[in-house]
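Let me begin by presenting the structure, written as structure tokens, before commenting on it.
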Amino acid sequence: MSSTPLTLSSLAEAVAAAITEAQARIDAAQRADLERFIDENGRPRALTVRLPGPDGEKVVDIPLLSFAAPTALRVTEATLAFEVDPADLALLGASVADLTPNGFAAHATVTPGADGRKPATMTLRLEAIPAPAANT
């Protein structure tokens with residue numbers, strides 16, 4: 001069985017894909033959390049309270065959603081550090097690389113091992129590229 005050599009570009013793309021999948025799962029969990037504030041007819045669940053006023057009590061329905069703290073969680077960056085055999089650095093592609101895999105800017109740096117033969121440390125940093133603002 002032959003295997004395709006790992007390149008820095010394919011490594012960055014795989015990490016970016018994993019981050020994108022994680023963000024999709026976070027978004028789904030946040031949507032599910034918000035759905036508990038909506039009834040089966042699509043109306044907001046509410047807390048009924050009685051408020052005093054000059055003309056007597058007034059009954060007010062306050063949507064429960066207004067009590068929920070916003071939880072907009074976004075994965076905006078990731079940094080991975082790992083050891084790389086110096087012989088494999090050529091396969092990975094370079095000591096420093098700038099890439100743009102799937103909506104991320106990626107930058108890799110390599111710190112050589114103590115004597116050039118020991119494993120080097122590669123740091124791969126990915127930052128989300130903000131989506132362009134929508135025209136309104």
Rounded to the nearest 0.5 Å, what separates atom OG1 in T123 from atom NE2 in H107? 9.5 Å
Sequence-distant partners of R43, side chain to side chain donor-acceptor pair (under 3.5 Å), two or more places apart: none
Could you pull out every donor-acceptor pair under 3.5 Å between side chains of residues 45-61 and any protein atom, sequence neighbours left out?
{"from": "R45", "atom 1": "NE", "to": "R36", "atom 2": "O", "distance (Å)": "3.1"}
{"from": "T48", "atom 1": "OG1", "to": "D61", "atom 2": "OD1", "distance (Å)": "2.6"}

Under the criterion side-chain contact (heavy atoms from CB on, under 4.5 Å), I'd like the reasoning laid out for T121 against F82: C-alpha separation, chi angles, the key distance, then a yes or no. CA-CA 6 Å; T121 300; F82 44 92; over 6 Å; no
Can you tell if the side chain of F104 reaches within under 4.5 Å of the side chain of V15, non-hydrogen atoms only? no
Could you tell me whether a side-chain N or O of Q23 sits under 3.5 Å from a main-chain N or O of L73, the two making a donor and an acceptor? yes
How close do I38 and P44 get, counting heavy atoms only, and between which atoms? CD1-CA, 4.1 Å
Which salt bridge (charged side-chain N to carboxylate O under 4.0 Å, His left out) pairs, counting each pair once, include a residue from residues 65-82, with sequence neighbours left out? D27-R74, E77-R125
Side-chain heavy atoms under 4.5 angstrom apart, residues restricted to Ile, Leu, Val, Met, Phe, Trp, Tyr: same cluster for I129 and L124? no
So do the side chains of L34 and L65 get within less than 4.5 Å of each other, counting heavy atoms only? yes
Is any side-chain N of the basic residue among R31 and E35 closer than 4.0 Å to the acidic one's carboxylate O? no
